[in-house]
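Right, one structure below, let's go through it.
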Amino acid sequence: MPDIIRLLPDSVANLIAAGEVIQRPASVVKELVENAVDAGADNIQIILKDAGRTLIQVIDNGCGMSPTDARMAFERHATSKIKQATDLFSLTTMGFRGEALATIASVADVDLRTMPHGDSYGTRLILTDNKVEDQHPETCVPGTNMMVKNLFNRLPARRKFLKKDAVELSHVIHEFERLALVNLDVEFTLMHNGTILHQFPKSNLKQRVSDLFGKSVGQQLIPVETETSLVKITGFVGMPENARRRNALQYFFVNGRHMRHPYFHRAVMQCYERLIPADCHPVYFLTFSVDPASIDVNIHPTKNEIKFENEQAIWQILVAAVRESLGRFNAVPAIDFNQDDAPEIPAFDPSAGGAANIPLDPTYNPFTSQYSSSLGALGGAAQPRSAGGATHASSINRKYVPSNWDSLYANFQSERDPHPSTMGVIQSRINDIPTNDTLPLELKPEGMTAVQLASRFIITPGADGLLIVDQHRAHERVLYERFINMIESGEIASQRLIFPETLELSTAQDVLLESIEKSLADTGWDISRLGPSTWAINGAPSVIQDKNPAETLQAIVDDFAATGKPVDEEMLSRLATTMARAAAIKPGQILSSEEIDRLLSDLFSLATPTYTTDGRTVIATLPLTDLSRLF
Ligand code: ADP
Ligand code: MG
């Protein structure tokens, strides 16, 4: 039998690598900017045309390349950053695989000008179709100016995979945000089709966050700082009341590199347990500094996933540091006085790792009275209601309720409205819900009594037990059906706002809002651009008119950004969902018995009242069998 194994030619190997490393314009931006950072640049300009399809240009003032190095740089596995295997364990550069440029040249045309500082001439190198077309000396400024043109032009299949410009651009912007957050001593400019999207000087993390995401985000940050022999963690976490349902800004960095780390993410989420609603996410920007030898960056081609040697110990340090910051800044609201329920600060076990000098007080508890005295952190409006609700819940004597009863309340505290100030604004409009008496038999409450419990649940007898209805979700479910009908029949009316509201967005959100502007107009929104990333809301769908339009629109943008799907029919359903959520009565709102009756009859007239459109439970049953077990 003849030998059949062959080595792949480099050109094919590059294309395969391109599938992993270069997936879209944003990947090129990442690789080129990381190269510029590695070259020691402190000024980096990124210029894009057509979301990077036509042109991605990165200009840096870094060390530049000699003519030979410029050519070598495009060879596969050519790198100046590691020389031997052991270097892999002391990486201080972003790059080290030496494949990015080779890969880029295999999927795009390249035009490079580069000159080391101190030289009088630089070199210009033009590569087409992965081959050097021309190289000659040219007058250049010191540094590197790399143009990547016509990405994937030679690969129609790959090009087809690219999304609409708005989506690709938002990927680029997200990548840019990650790069800008971690390279604070670099001045950045980001331009797209002749417009400057971002431009800012060297700064600190807090200032960068404000530059990137707006002043209001910058003002909501609580500093986190801890240093042990194992890891230094610095950065910021958001105040609990600013947690978002979607698209929360959540960033981990390690040794100057952005990373995803689901395990550490859970650590942070754990610190916010009971401080924020279950479906909300806190903001965080956390930077880890560790010995390069204690992490493995090389487990994923995009180097986004990183393995830590001392993950468990770092988990404990992280949780302690974040909790301490939340407690110190009085971010812990006083809804949970009960010591038994307070989350434990893990006592660090020194035998678990080499971090003996962690400043950890195992007796420290953010829920003790000195911390809980500061109810103010949550804002005034919601406080009496939340506190009242919590009293209700905890006054049920645990001995006498079945174990699953607890779980009915488990979500209660975590479902508080995260924006108490809006609760005053959002007034119930239950009155306009028409009554409807046709209830499906199995759900029809027996008898007429329905009562509200803990200003959140409606309890009513059902055919085979007690029905417990979540008032907010029930109303959301009812309104969704109504809104979707109105949208589909084109009945949704727009109502002018007496005082137009303004909405400030991040650049990525701005791009997305622009791309859904038309669908929004179809559903009754009247918005216009005020400036870069700032919009005026002149009119809103009449159905949500008094429900804080700016916040609803923000929720819609967040929702759209989270899925990144094109504007399509599903989008109308998403719009209806978000608007219904905004307009629905909130947990904590006290309802009259007429309101309760209307809500129930409306709910039970739906074909599928049991779940919200995104699958959250609306009605739970406490079966008779469970009840009789109590006696
Ligand atoms: P890696 O970054 O993994 O080394 P790349 O393919 O990204 O691999 O780059 C190859 C080499 O080209 C780098 O090691 C570096 O020596 C050189 N290089 C790339 N970009 C620049 C730049 N902007 N300035 C100076 N040198 C660069
Ligand atoms: Mg590189």
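Since the model is a prediction, treat every value here as computed from it, not as a measurement. Numbering of ligands and ligand atoms starts at 1, following listing order.
A heavy-atom distance below 4.5 Å is not found between the side chains of Q45 and F188.
Of the possible polar contacts, one joining the D60 side chain to the T144 backbone as a donor-acceptor pair under 3.5 Å is found.
Between H261 and F264, the ring-plane angle classifies as parallel under the 30° and 60° cut-offs. Aromatic ring orientation, F176 versus H198: parallel (interplanar angle below 30°, classes split at 30° and 60°).
Ligand 1 has no N or O atom lying under 3.5 Å from any N or O atom of A39, backbone or side chain. In terms of N/O distances under 3.5 Å, ligand 1 is approached by D60. At least one N or O atom of L101, backbone or side chain, sits closer than 3.5 Å to an N or O atom of ligand 1. For ligand 1, the polar-atom distance check against T144 finds a nitrogen or oxygen pair separated by under 3.5 Å.
Between the choices A73, A41, G98, the shortest heavy-atom distance to atom 1 (P) of ligand 1 belongs to G98.
The atoms of ligand 1 that sit less than 4.0 Å from any heavy atom of A100 are 6 (O), 7 (O). Atoms of ligand 1 found under 4.0 Å from any heavy atom of T79, numbered from 1 in the order shown, are 1 (P), 4 (O), 14 (O).
The closest approach between a heavy atom of G62 and any atom of ligand 1 is not below 4.0 Å. Residue M65 places a heavy atom less than 4.0 Å from ligand 1.
With ring centers used as reference points, H281 lies 6.0 Å or more from Y272.
For E168, the salt bridge (charged side-chain N to carboxylate O under 4.0 Å, His left out) criterion is met by R24, not counting sequence neighbours. Remark: A105 pairs with F74, V110, N130 by the side chain to side chain contact (heavy atoms under 4.5 Å, CB included) rule, at least two apart or across chains.
Here N35 meets the criterion, with an N, O or S atom under 2.8 Å of the Mg ion (ligand 2).
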